[in-house]
2 protein chains.
Amino acid sequence: MRLTTKGRYAVTAMLDLALNAENKPISLADISRRQDISLSYLEQLFSKLRQQGLVSSVRGPGGGYKLSRDAEAICVAEIIDAVNESIDATNCGGSGNCSDGQICLTHHLWCDLSDQIHQFLSSISLAGLVARNDVREVAERQNRERDREQTLEFIGAGGA
Amino acid sequence: MRLTTKGRYAVTAMLDLALNAENKPISLADISRRQDISLSYLEQLFSKLRQQGLVSSVRGPGGGYKLSRDAEAICVAEIIDAVNESIDATNCGGSGNCSDGQICLTHHLWCDLSDQIHQFLSSISLAGLVARNDVREVAERQNRERDREQTLEFIGAGGA
DNA sequence: TTATAGTTGACTAAAGTAGTAGGGAATTAG
DNA sequence: CTAATTCCCTACTACTTTAGTCAACTATAA
């Protein structure tokens with residue numbers, strides 16, 4: 001089982017999309033700035049998210065990505081699956097040929113664990129996250145920081 | 001978060017100990033044969049398990065490893081922690097400096113997930129696993145296979 | 001027509017996994 | 001005593017994944 005920066009970045013970026021969606025697409029450059037994630041890396045992640053039908057893209061100036069469904073209808077488990085292959089905890093991928101073609105001693109344990117994790121992450125939608133107080137607070141802080149950075153850029157203190 | 005063959009091997013090996021313990025120590029060579037895990041790799045894992053006080057060792061002929069506590073008092077979470085560092089799902093290790101020194105959008109989500117997994121794996125003891133039907137069945141099959149292999153060795157059909 | 005923004009593919013450094021190899025050191029059965 | 005057994009320890013390695021860079025290309029809006 002893997003749960004690394006890859007899956008966490010994907011969820012964070014999708015949440016950023018859900019938070020900042022005002023009907024218009026959001027560019028990866030914006031997400032990159034707000035969430036401090038490498039732009040090129042985001043491109044790779046969103047390529048997979050698009051293939052899985054979680055987001056749709058608009059090219060050209062003013063373009064970007066939008067959620068392709070309501071935030072209520074996208075759960076965290078889907079997002080991690082989309083970029084990470086699986087959140088399966090077994091070694092055999094659930095097939096049961098773990099130990100020399102036969103089921104291993106702990107096969108059912110890992111199946112149970114996989115179910116637990118999957119149920120938990122399936123029960124959490126982007127809309128559910130958006131509604132959380134701790135998420136709103138972080139989002140507001142990020143918007144304040146971004147506004148300040150833009151001001152600094154404008155008066156010439158930020159760039160080269 | 002990591003849950004790989006390493007942690008699974010450790011739990012499987014500890015369960016083998018719990019199943020086959022008849023007061024006398026079990027050699028890693030036995031576990032290696034029964035569970036089809038490389039002996040050298042088992043040695044590395046048991047080095048950590050011993051450092052964490054989960055098993056105690058007896059050297060010399062007839063030696064091996066024993067659980068250093070009752071099987072009721074050893075949970076799966078401990079075993080994985082012992083070999084794997086942690087089953088923490090956050091990027092920051094729980095410290096909260098995930099994104100540029102500040103808490104990230106999804107920090108609390110990963111904390112909640114870590115709690116879920118930890119609670120689940122803490123609720124399962126080796127004794128609990130030993131009592132499961134699916135575990136007993138696999139263990140019996142493994143014992144049958146081992147007996148057959150020993151017979152083959154004895155009549156000279158197995159070795160060099 | 002030009003800057004913007006997505007799309008794609010190749011590449012890379014670093015880290016972790018799953019081992020292998022080989023030499024010890026303690027202990028005990030014979 | 002000695003030889004076999006078993007734990008103990010270190011170093012090494014092939015492989016995979018992660019996280020990220022770079023460069024070229026396509027669509028599109030202003």
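Keep in mind the model is a prediction, meaning the values are calculated, not measured. Heavy-atom basis, side chains included; hydrogens, waters and symmetry copies ignored. Lettering of chains follows the sequences in order, A, B, ..., and the numbering in each one begins at 1.
Across all strands shown, B/Phe46 has no heavy atoms under 4.0 Å from either base or sugar-phosphate atoms.
In this structure, A/Gln44 and A/Gly62 both approach DNA chain C, and ranking their closest nucleotides by distance from the 5' end singles out A/Gly62. Map A/Gly63 and A/Arg50 each onto its nearest nucleotide of DNA chain C; the residue landing nearer the 5' end is A/Gly63. Positionally, the nearest nucleotide of DNA chain D for A/Ser38 lies more toward the 5' end than for the other of A/Val58 and A/Ser38.
For C/dT7, the base has no donor-acceptor partner in the side chain of A/Arg59 [N/O atoms by modelled type, under 3.5 angstrom]. If you check distances only, the side chain of A/Glu43 never reaches the base of D/dT21 with a donor-acceptor pair under 3.5 Å.
Computed from coordinates, the B/Tyr41 OH to C/dA21 P distance equals 16 Å when rounded to whole Å. Taking atom CG of residue A/Leu42 and atom P of nucleotide C/dT7, one finds them 13 Å apart after rounding to whole Å. Across the protein-nucleic acid pair, A/Leu39 atom CG and C/dT8 atom C1' stand 14 Å apart, rounded to whole Å. Rounded to whole Å, the distance from CG on B/Leu45 to P on D/dT10 is 16 Å. Taking atom OH of A/Tyr65 as the reference point, atom C1' of C/dG6 lies 5 Å away to the nearest angstrom. Between A/Tyr9 atom OH and D/dA19 atom P the separation is 7 Å, expressed in whole Å. Nucleotide D/dC7 holds its P atom 13 Å from the NZ atom of B/Lys24, rounded to whole Å. Rounded to an integer number of Å, the gap from B/Leu28 CG to D/dC9 P is 13 Å.
The side chain of A/Lys6 places an N or O atom within less than 4.0 Å of a non-bridging phosphate oxygen (OP1 or OP2) of D/dT18. Regarding contacts with the backbone of D/dT5, every side-chain N or O of B/Ser27 stays at 4.0 angstrom or more from both OP1 and OP2.
Looking at the side chain of B/Pro61, the nearest of the listed nucleotides C/dT17, C/dT28, C/dG6 is C/dT28. Listed nucleotides D/dC7, C/dG6, C/dA18 differ in distance to B/Thr4; the shortest reach to its side chain belongs to C/dA18. Nearest to the side-chain atoms of B/Ser47 among the listed nucleotides C/dT7, D/dC9, C/dA18 stands D/dC9. Set against D/dT21, C/dG19, C/dT20, the side chain of A/Ser40 has D/dT21 as its closest nucleotide.
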Intermediate values then yes/no, side chain to side chain donor-acceptor pair (under 3.5 Å), B/Trp110 and B/Thr106: CA-CA 7 Å; B/Trp110 309 123; B/Thr106 46; 2.9 Å; yes
Worked verdict on A/Gln51 versus A/Ser47 for side chain to side chain donor-acceptor pair (under 3.5 Å): CA-CA 6 Å; A/Gln51 281 165 35; A/Ser47 166; 3.3 Å; yes
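Partner of A/Val83 under the side-chain contact (heavy atoms from CB on, under 4.5 Å) criterion, chosen from A/Val11, A/Leu54, A/Thr4, A/Leu49: A/Leu49.
Aromatic ring orientation, A/Phe46 versus A/Tyr65: tilted (interplanar angle from 30° to 60°).
B/Gln142 and B/Gln35 share a side-chain donor-acceptor pair at under 3.5 Å.
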